[in-house]
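In what follows, a structure is listed as structure tokens, so that the remarks can point back to it.
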Amino acid sequence: PLDNNLSERGLRSSVVGRKTWYGTHSKRGAITGSILFSIVESCKINNINPRSYFPWVVEQIHLGLEVLTPYEYSQLPDSG
């Protein structure tokens, strides 16, 4: 594409969140926030509700099973 509007829209929620929460107060918090924002944006791109994806991930971890990326999760027959 001739512009990067899609990329800028993808970053907008994290920028608004950062302004709302006055940034992070530690290096670990900044890393954790960036990871979570990345996962949420990946869910949005793959038309997945992050509120259904995150509990599924936690359950998989507790059961010792493989955790899938948001794209792989979107390919599961019962992910919708």
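Because only heavy atoms are used, hydrogens play no part in the values below, and waters and symmetry mates are left out as well, while side chains stay in.
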Nearest 0.5 angstrom please: [X] [atom1] to [Y] [atom2], how far?
X     : Y     : atom1 : atom2 : value
Ser38 : Ile35 : OG    : CD1   : 7.5 Å
Thr69 : Ile39 : OG1   : CD1   : 10.5 Å
Cys43 : Phe54 : SG    : CZ    : 6.0 Å
Ser42 : Tyr53 : OG    : OH    : 8.0 Å

Practice prompt. Mind listing the closest non-hydrogen atom pair of Pro55 and Pro50 along with its distance?
Written response: CD-O, 4.2 Å

Fill in: Contact check, side chains of Glu72 and Gln75, non-hydrogen atoms, under 4.5 Å
no

Fill in: Close side-chain approach of Leu68 to Trp56, heavy-atom, < 4.5 Å
yes

Is it the case that one hydrophobic cluster holds both [X] and [Y], taking links as side-chain heavy atoms less than 4.5 Å apart, direct or via other members?
X     : Y     : result
Leu36 : Ile61 : yes
Phe37 : Val58 : no
Tyr71 : Tyr73 : no

Discussion item. Has Asn46 got a side-chain atom pairing as donor or acceptor with Ile48's backbone, closer than 3.5 angstrom?
Written reply: no

Practice prompt. Taking Gln60 for its side chain and Glu66 for its backbone only, find out whether a donor-acceptor pair lies under 3.5 Å.
Written response: yes

